Number of protein chains: 2
Amino acid sequence: MNQALNVDELLLRPQDRIRRSAQHLFLKQGYTATTTRQIAEHSGENLALLNYYFGSKERLFAQIMMENLAVFMDGMKTAFNDDKTALEEKVTLFVNRYIDLLALQPDLPLFIFSSLRTNPLKLSQKVGARDVFLKSHFTTQYNAAVKDGSISELPIMHFVMNLVGMTVFPFVARPMLEAVGNLAPNTFDKMMQERRALIPVWIEALMNVQL
Amino acid sequence: MNQALNVDELLLRPQDRIRRSAQHLFLKQGYTATTTRQIAEHSGENLALLNYYFGSKERLFAQIMMENLAVFMDGMKTAFNDDKTALEEKVTLFVNRYIDLLALQPDLPLFIFSSLRTNPLKLSQKVGARDVFLKSHFTTQYNAAVKDGSISELPIMHFVMNLVGMTVFPFVARPMLEAVGNLAPNTFDKMMQERRALIPVWIEALMNVQL
DNA sequence: GTCTATAACGTGATAGAC
DNA sequence: GTCTATCACGTTATAGAC
């Protein structure tokens with residue numbers, strides 16, 4: 001009974017263990033600060049298998065990077081493309097989905113933004129990202145609401161900056177926020193739970209501000 | 001007249017040129033991705049001088065890091081500690097100051113947040129950061145305004161998350177925002193200029209939201 | 001597929017001449 | 001103070017045995 005491995009662990013192939021360790025280390029430390037030796041040791045696999053399965057460190061990173069970008073984008077996709085929900089419901093869906101995701105993967109946003117800065121995506125991949133948002137049901141609804149005057153006139157990108165900023169930014173700036181606010185260990189997580197209810201109310205207020 | 005160096009450049013000592021190049025490269029690439037050889041070459045100085053003047057790459061980085069953290073914090077300090085201005089004016093000061101700063105140094109926030117994640121500051125330095133905010137005139141004003149009911153009741157850290165999120169976050173997420181919004185090259189900068197006037201109005205609306 | 005051993009190179013740092 | 005030359009080591013990647 002001192003068997004530490006569970007069924008999942010036993011079923012994992014070497015390439016999956018390597019991928020999982022790469023995911024963990026790249027997100028925590030970034031590309032250059034993570035060595036192939038660290039990944040091999042952390043995964044319990046042989047160093048040479050990394051190149052056998054993935055070709056190179058760079059190709060392994062690209063795979064991890066794209067998987068995570070897809071996960072990050074998927075939060076937008078599912079919240080913004082349901083054509084049965086109203087604008088306000090989509091905002092609530094978005095906020096809850098991202099706070100769920102980032103509670104489990106708090107390093108995800110900083111990893112994505114850092115990686116995008118040094119390693120900008122090719123146009124083809126950007127186009128995917130663009131369609132997820134600009135061609136979403138959300139965008140259609142938003143622009144229609146502006147036009148019929150039910151919300152104030154404001155370019156949708158300002159709206160997105162506010163929504164994503166209020167939801168995602170705290171996870172990026174967490175150490176600084178905890179320092180300047182002298183927050184106790186659990187306080188940050190509690191505040192993010194409070195923000196599930198707060199952000200939608202704030203966003204609605206912003207949509208009605210007279211500019 | 002084909003002399004490219006100006007007076008400033010001529011007056012710079014070797015240690016200053018190294019520091020300046022380190023500043024440039026560390027902010028763009030981060031600690032591990034920047035080599036001492038890159039810094040030496042970029043500065044036009046000899047590689048050995050880096051260790052002669054700064055002891056090690058790590059000590060050079062610590063110096064750059066603390067200078068930049070001080071610059072970043074100073075934006076908060078000056079905006080929040082003038083005891084002659086009202087709450088709303090302090091918000092406007094804060095927004096303008098950070099948009100000015102980050103227009104010149106767009107990589108600063110990502111550098112700070114990445115560095116703080118992997119290299120958390122010691123308590124003594126955090127205490128400095130804490131006092132800058134928690135003991136500021138702004139905090140006193142805010143808490144008084146909550147108490148007398150002139151703004152809605154909300155822990156000040158939620159307020160800060162919103163203010164800093166709306167102002168600083170776009171610079172962190174810029175590549176992603178440009179991709180999802182399909183923004184033309186100059187559009188981002190124009191939007192940030194628009195936000196100088198928008199954010200204070202939004203913040204005031206948030207302060208009056210009934211929760 | 002998996003391993004050991006090693007190649008080929010880049011890194012931070014320093015000894016020692018000037 | 002400034003330079004060249006070099007050390008000692010860690011890095012990614014691969015050849016070749018099993």
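A quick note: this is a predicted structure, and the numbers were derived from the prediction, not measured. Per chain, numbering begins at 1; letters A, B, ... match sequence-line order.
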task: Take T36(B) and K57(B) through the test side chain to side chain donor-acceptor pair (under 3.5 Å) and record every step on the way to the result.
output: CA-CA 7 Å; T36(B) 53; K57(B) 178 189 177 185; over 6 Å; no

Whole Å only: how far is the [atom1] atom of [X] from the [atom2] atom of [N]?
X      : N       : atom1 : atom2 : result
N46(A) : dT6(C)  : CG    : C1'   : 14 Å
F26(B) : dG12(C) : CZ    : P     : 9 Å
R37(B) : dG10(C) : CZ    : P     : 9 Å
Y31(B) : dT11(C) : OH    : P     : 13 Å
N51(B) : dT14(C) : CG    : P     : 6 Å
E58(B) : dT11(C) : CD    : C1'   : 15 Å
L50(B) : dT11(C) : CG    : P     : 13 Å
K57(A) : dC9(C)  : NZ    : C1'   : 14 Å

- prompt: Can you give the first and last nucleotides of DNA chain D, 5' to 3', that have an atom under 4.0 Å from a heavy atom of chain B?
  reply: dG1(D) to dT4(D)

query: Is the side chain of R195(A) donor-acceptor paired with the backbone N or O of P170(A) at a distance under 3.5 Å, no angle test?
result: no

message: Test your reading of the model: is there a side-chain donor-acceptor pair from S43(A) to the backbone of A40(A), 3.5 Å cut-off?
response: yes

message: If the condition is salt bridge (Lys or Arg N to Asp or Glu O under 4.0 Å), which residues does R97(B) pass it with, not counting sequence neighbours?
response: D74(B)

Under 4.0 Å, heavy atoms only, any strand: does [X] hit a base, just the sugar-phosphate, or nothing?
X      : result
T32(B) : nothing
F54(B) : nothing
L47(B) : base

query: So, are D83(A) and K90(A) salt-bridged, with charged N and O less than 4.0 Å apart?
result: no

message: Please determine whether a side-chain nitrogen of the Lys or Arg among D189(B) and R174(B) lies less than 4.0 Å from a carboxylate oxygen of the Asp or Glu.
response: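 Salt bridge between D189(B) and R174(B), a charged N being under 4.0 Å from a carboxylate O: yes.
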
